[in-house]
Protein chains: 2
Amino acid sequence: MNPLHLSSQLCFPFYAISKEIIKRYRPLLEPLNLTYPQYLVMLVLWEKDHVTLKSIGERLKLDSGTLTPVVNKLISIGYIEKTRNPEDERQLVIRLTERGQALEKEAEQIPVKTHEIYGLSEEEYEQYKGMLDALSLKLGISSDERECKEH
Amino acid sequence: MNPLHLSSQLCFPFYAISKEIIKRYRPLLEPLNLTYPQYLVMLVLWEKDHVTLKSIGERLKLDSGTLTPVVNKLISIGYIEKTRNPEDERQLVIRLTERGQALEKEAEQIPVKTHEIYGLSEEEYEQYKGMLDALSLKLGISSDERECKEH
DNA sequence: TATAATTATGTTGTGCACAATTTAATTTTA
DNA sequence: TAAAATTAAATTGTGCACAACATAATTATA
């Protein structure tokens, strides 16, 4: 097998599958008026509210250049608010508005539907999950929720 | 486990791993003056030259809106050329220039280095490859090189 | 305790990624 | 065979994604 062939490389299926998944999330997120990266930020906040922009970025592996406009969009929609931490004026503290909190109820149906995207059994799903988490660890991008410190 | 938690969803590791891989490709591709999507187009052309823009898009799962500027960039660098198919003036036929052909020699070292990114043994690498190819099939994005018809 | 280093966020510029639409060429069909 | 449908590519507009840089606040150090 020629190593320069597309079909012998692991990078491409990751790239193609990731894009395809996000494409299939789109119609499911549209009723919530969210894009995929916006949805990720909301997921993090539903897990733990009142966290810094920095900690959201660490969790999602996104830098301020990406996160700042995403957060500003969520603010303009009315799902979140930002304030400075009075004890450290560098830090932005992000929290859910009432509308943002209320949205969680509506979002409960999303994981049910997204689970069906893959066409996998519960066991297969967990197997993929385990393998991807192991690889994330090797790549140094393992997401630890404890990293998201409250403020 | 709360299904709305980031850590219980399969989409995020795919998204994060894909981005991390592409980030690690960057310094390896920089000497060739290629970005990751540009590299993918070159891979397809090194496999089979003289193919339509459409067939490249089918192989890489990219539409004309993404591919047109990527191809135009590769033309401006001088790696490829485009001509219309005289038998069907709608079709763009893409082919490598001499510089584009010569670049394959330099690119031979890339897969050796990218293979090391994952920190996987040969067996593990093939196991991941097999699982991702299976999932690509389920998602209907399995890349068949035979789809790339010559012109 | 000045100054240097670090940190959190924001800004700028480039390059995708894709939906939606347009245009022109080709094919199908009434 | 003229009109309708389809197809390939390009265009437009929005939203990331990230590198590189700027700025302001905080912390460490000479």
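Computed over heavy atoms, backbone and side chain alike; hydrogens, waters and symmetry mates excluded. Each chain gets a letter, A, B and so on, in the order the sequences are listed, and its residues count up from 1.
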- Decide side-chain contact (heavy atoms from CB on, under 4.5 Å) for B:Leu32 and B:Ile110; before the verdict, give the C-alpha distance in whole Å, the side-chain angles of both, and the deciding distance to 0.1 Å. CA-CA 10 Å; B:Leu32 307 186; B:Ile110 304 291; 4.0 Å; yes
- Message: Before you tell me yes or no, could you show the steps for B:Leu34 and B:Leu103 under side-chain contact (heavy atoms from CB on, under 4.5 Å), namely the whole-Å CA-CA distance, both residues' side-chain angles and the distance that decides it to 0.1 Å?
- Response: CA-CA 11 Å; B:Leu34 291 175; B:Leu103 194 70; 3.9 Å; yes
- Task: Report, as a single string ordered 5' to 3', how protein heavy atoms within less than 4.0 Å touch nucleotides 8-16 of chain C: B base, S sugar-phosphate only, - not at all.
- Result: SBBB---SS
- Message: Can you confirm if the aromatic rings of A:Tyr118 and A:Tyr128 lie within a centre distance of less than 6.0 Å?
- Response: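 No; A:Tyr118 has its ring centre 6.0 Å or more from that of A:Tyr128.
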Can you tell me the distance, in whole Å, between the [atom1] atom of [X] and the [atom2] atom of [N]?
| X | N | atom1 | atom2 | answer |
| --- | --- | --- | --- | --- |
| B:Ile22 | D:dC18 | CD1 | C1' | 12 Å |
| B:Asn85 | D:dA8 | CG | C1' | 11 Å |
| A:Asp63 | C:dT7 | CG | P | 16 Å |
| B:Tyr25 | D:dC18 | OH | C1' | 19 Å |
| A:Arg26 | C:dA17 | CZ | P | 16 Å |
| B:Lys19 | D:dA17 | NZ | P | 6 Å |
| B:Lys61 | C:dC18 | NZ | P | 12 Å |

- Spatial distance of atom OG1 (A:Thr35) from atom CG (A:Leu74) [nearest 0.5 Å]: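 Reported to 0.5 Å precision, the distance equals 7.5 Å.
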- Item | Separation between CG of A:Leu29 and CE of A:Met42, rounded to the nearest 0.5 Å |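 One gets 11.5 Å once the value is rounded to the nearest 0.5 Å.
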- Query: Honestly, is A:Lys129 close enough over A:Tyr125, meaning NZ or CZ under 6.0 Å from the six-membered ring centre and within 45° of the axis?
  - Reply: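 That pair does not qualify as a cation-pi contact.
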- Message: I want to check a possible cation-pi pair here: A:Lys19 against A:Tyr15, using under 6.0 Å from ring centre and within 45° of the ring axis as the test.
- Response: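 Pair A:Lys19/A:Tyr15 counts as cation-pi.
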- Item | Divergence of helical axes at both termini of the helix from C:dT1-D:dA30 to C:dA30-D:dT1 - five pairs an end, 10° steps |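 End-to-end axis angle for the helix from C:dT1-D:dA30 to C:dA30-D:dT1: 10°, rounded to 10°.
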- Do any side-chain nitrogens or oxygens of A:Lys23 fall under 4.0 Å of OP1 or OP2 in C:dA17?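 Looking at the OP1 and OP2 atoms of C:dA17, neither is under 4.0 Å from any side-chain N or O of A:Lys23.
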- Grab the two heavy atoms, one from A:Leu139 and one from B:Glu20, that are nearest each other, plus how far apart they are.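 So the two residues come closest at O-OE2, 4.0 Å.
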- Item | Carboxylate-amine/guanidinium proximity below 4.0 Å for B:Glu89 and B:Arg84 |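 Salt bridge absent between B:Glu89 and B:Arg84.
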